[in-house]
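Scroll down for the structure; my scribbles are underneath it.
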Amino acid sequence: MTKMTAKPFWKTKKLSEFTPKEWESVCAHCGQCCLLKLQDEDSGDICYTNVICRYHDCKTHLCTRYADRCTLVPTCLKLTPQNLNDIFWIPETCAYNILNRSGDLPDWHPLVSGKPLPQDRQIDANVVSELDVPEDELEDHIIEDEDDAGLD
Ligand code: SF4
Ligand code: SF4
């Protein structure tokens, strides 16, 4: 006899039906959204840099000021099921973006694998803290896309 297992919440619920805890658990803590971005004044295009927010802890891959993040960093937006489609700069491989687009989470996601996020899915050691980069040098840190910050 085969044991029946319930489908996980992200396969059975709409994003808007997730509990706050379920919603938070979708974040894979890859760190991509904490990279500083520059916007072209004419085209509006967004460029990623390899410079990361001062509040990102590169060892734990967590925000050190999560509760206050949107106050301390006005450009740090709180993702919600309601605004997900409107934030055009969300990285392609952000777990929320993938779930929203495909209706499922990828194999590498901790909720699926039951393991920590693989190293090659995390921002790597090549990123530098914004504390070490003068604002007028940010353009020197533009990367082609977020993959260049260590993501495959
Ligand atoms: S890019 Fe998405 S999955 Fe990665 S840390 Fe940001 S919100 Fe979480
Ligand atoms: S405040 Fe925290 S969540 Fe927001 S960009 Fe900085 S490190 Fe990331």
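Basis for what follows: all heavy atoms, side chains included, without hydrogens, waters or symmetry-related copies. Order of listing sets the numbers, starting from 1, for every ligand and every atom in it.
Remark: ligand 2 atoms within the under-4.0 Å shell around heavy atoms of Cys63 are 1 (S), 2 (Fe), 3 (S), 7 (S). Residue-ligand proximity, Cys33 to ligand 1, at heavy-atom distances under 4.0 Å covers atoms 1 (S), 5 (S), 6 (Fe), 7 (S). Against a heavy-atom cut-off of under 4.0 Å, Tyr55 is close to the following atoms of ligand 2: 7 (S). Listed by atom number, the atoms of ligand 1 under 4.0 Å from Tyr96 heavy atoms are 7 (S). Close contacts of ligand 2 with His56, meaning ligand atoms under 4.0 Å from a residue heavy atom, involve 7 (S). Listed by atom number, the atoms of ligand 2 under 4.0 Å from Cys76 heavy atoms are 1 (S), 3 (S), 4 (Fe), 5 (S). Counting the atoms of ligand 2 from 1 in the order shown, those under 4.0 Å from a heavy atom of Val73 are 1 (S). Under a 4.0 Å criterion applied to the non-hydrogen atoms of Ala28, ligand 1 contributes the atoms 3 (S), 8 (Fe). Every atom of ligand 1 is numbered from 1 in the order shown, and the set under 4.0 Å from a heavy atom of Ala95 is 3 (S).
Scanning the protein for heavy atoms near atom 6 (Fe) of ligand 2, the closest one is Cys53 SG, 2.3 Å. From the protein, the heavy atom lying nearest to atom 1 (S) of ligand 2 is Arg69 CB, 3.5 Å. In terms of protein heavy-atom proximity, atom 4 (Fe) of ligand 1 is closest to Cys30 SG, 2.3 Å. Taking atom 2 (Fe) of ligand 1 as the reference point, the nearest protein heavy-atom neighbour is Cys94 SG, 2.3 Å.
The only option from Val133, Ile142, Val127 that meets the side-chain contact (heavy atoms from CB on, under 4.5 Å) definition with Val51 turns out to be Val133.
Rounded to the nearest 0.5 angstrom, Leu138 CG and Asn50 CG are separated by 9.5 Å.
Checking Cys27 against atom 8 (Fe) of ligand 1, an N/O/S atom falls under the 2.8 Å cut-off. Atom 4 (Fe) of ligand 1 lies at 2.8 Å or more from every N, O or S atom belonging to His29. Among the backbone and side-chain atoms of Cys34, an N/O/S atom is found under 2.8 Å from atom 8 (Fe) of ligand 2.
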Could you walk me through whether Trp89 and Thr75 satisfy the side chain to side chain contact (heavy atoms under 4.5 Å, CB included) test, starting with their C-alpha distance in whole Å, then the side-chain angles of each, then the deciding distance to 0.1 Å, before giving a yes or no? CA-CA 12 Å; Trp89 51 258; Thr75 52; over 6 Å; no

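Contact record, Pro110 with Ala28: CD-CB, 4.3 Å, taken as the closest heavy-atom pair. A pairwise comparison of heavy atoms in Tyr48 and Pro91 identifies OH-CG, 3.2 Å as the closest pair. Here the shortest heavy-atom pairing between Ser25 and His109 reads O-CE1, 3.6 Å.
Heavy atoms of Leu72 stay at 4.0 angstrom or farther from ligand 2.
Checked against the 6.0 Å centroid criterion, the rings of Trp23 and Tyr96 qualify as a close aromatic pair.
The backbone N or O of Glu92 lies less than 3.5 Å from a partner atom in the side chain of Arg101, making a donor-acceptor pair. Judged by distance alone, the side chain of His61 and the main-chain N or O of Gly31 form no donor-acceptor pair under 3.5 Å. Side chain of Thr49 to backbone of Leu36: a donor-acceptor contact under 3.5 angstrom is found. Of the possible polar contacts, one joining the Asn83 side chain to the Thr80 backbone as a donor-acceptor pair under 3.5 Å is found.
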